[in-house]
Amino acid sequence: MAHAVLICSGARVPAARLLDHPLLDRLSIITEHGHTARYPDGVAVETVGSVHDVDEVLAAAWRIAGRHPLDGVLAPYEVGLPAAGYVRTVLGLPGPDFTTATLFTNKHAMKQRLAAAGLPLMPFAGAHSDAQVRARAAEFGWPVVVKPAYGGGSKDVAVVADAAELDAWLAGGGSPRPRNPTAVVERRADILVEYHCDGVVHDGAVRSVVTSRYLEPVLGRIGQGDPYGSYQLPSDHPEHRAVAELHAAAVAALGLRSGVTHLEVFGTPDGLRVSEVACRPGGGAIPAAIHLRSGVDLVDACVRTSLGLPPFPDGTPAPARTDARYVGHCGLALRPGTITELSTEAELAALPGVLDVVLHQRVGDRIAGHIYSASAAGFVHVGADTEEEVRERLATVRAAYRIRTRPDGTGSEGTGPDGTGPDGTGPESTRPEGPGAESAAQDSTAPDGTAPDTTDPRPPTPDHAASAAPARPVAEAVAS
């Protein structure tokens, strides 16, 4: 049995399976001021002003280690990865060290290392001021993609078509600033298809790799309708083999020895292009979908490798829970406001090929905060024999799902099946309310500004939203 410290932003509530993991007889928490009440009695909590301040987090870890020796650091969410690497390096603990964690979280450093190793990327450049951002964009030509070097969940990521749109992006929060001093500018890819590839690495070797194909590219769908969905490709699928080779090359280039990975790859007219890679489990229902089809438990592998253990307790993953050749999942659309109508689990479970349904919301819940590419009221998993069939079944789920919301403060109810108003526009997102709302709002502008990169099949409370009592919190997740 072991003692680990979990690094978690104040706006996150870790999944119960992390707080109660069987390998841990003692778990301590480092979170931000004002959020100790989120944790059960008996869990030791140290607070810091910001988990982005690696020296402050290290001091908290020292206090914890002084009471009980530490065996590992858990950082299954994007926001805690750099500080976790710093603590591991200074205290000599297993898991990705500070250099490795930086390469997997700082998109500029990441892309530089991947490009030097010969991996295919879109042309990119780093910028450390508004003037440099404008200059790099002009060099590439419009449109370009702009993003903070640290970030997740497509937060502050935008495709800008001209100088005016770029100025709006800079003014709206994209501008390089002390806590996130580098922006990345890159030529926009003509994305024909987008993949995510989720792996488990141990002793420098890839021990498990699963390639999935998104139903549509994620960028550009933020708050625009259905959240992301994807389906896993069989190991003999030619697209799987090509993406898996890029995954192995990226792992080697960034120097990961042991851990869990999540890679994003674009298919373009000129071939595959690597987008980004993270050393954490994928977001939303990705871990649950992979566990369902292959038996690989990404959350458990993340904990085990963080403790210096092999990723699989018996040397291999547990048996899969389905023999379907294709397994896909999709998020269920979420809308701001108070939910007045929502599909039931029974209704969704009765649809063709449905293997599992998980709803995180219910009628009466109040949804507030930023809606990301993977913000979802829940997830549905389907199985199929062919690629065409899995896409058809996921489309059927999306078509059958219904949600209606009442925009806050208007007294009127959305009339569309997606909760939009008569003109097809949805109500504006509202500032988070309730306990911890101020910190949540602050966290949305932090260096990695992550939408939750949920690592549990049942996503916990999100980073950037809170519901008013007695409603349950909005469940947000992200796949990058």
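All values derive from a computational prediction rather than experimental measurement. Start at 1 with the first residue, then count along the sequence.
Relative orientation of the His196 and His329 rings is perpendicular, given thresholds of 30° and 60° on the angle between their planes.
For Thr305 (side chain) and Cys302 (main-chain N/O), a donor-acceptor pair under 3.5 Å exists by modelled atom type. Of the possible donor and acceptor atoms, one in the side chain of Glu56 sits under 3.5 Å from a partner among the backbone N and O of Gly49. Between the side chain of Glu347 and the backbone N or O of Ser343 there is no donor-acceptor pair closer than 3.5 Å. Under a 3.5 Å cut-off, the side chain of Arg177 and the backbone N or O of Gly173 do form a donor-acceptor pair.
Side-chain contact annotation: Ser175 with Asp130, donor-acceptor N/O pair under 3.5 Å present. In this structure, a donor-acceptor pair under 3.5 Å is absent between the side chains of Glu388 and Tyr326. A donor-acceptor pair shorter than 3.5 Å cannot be found between the side chains of His291 and Asp297.
Pairing each heavy atom of His33 with each of His35, the nearest pair is O-CD2, 3.2 Å.
Counting non-hydrogen atoms of neighbouring residues, nucleotides and ligands closer than 6.0 angstrom, the CZ atom of Arg134 exceeds 12 such neighbours.
The only option from His240, Arg213, Glu239 that meets the side chain to side chain donor-acceptor pair (under 3.5 Å) definition with Tyr195 turns out to be Glu239.
Between Arg273 and Glu186 there is no salt bridge, since no side-chain nitrogen of the basic residue lies less than 4.0 Å from a carboxylate oxygen of the acidic one.
Ring centers of Tyr150 and His108: at least 6.0 Å apart, outside the cut-off.
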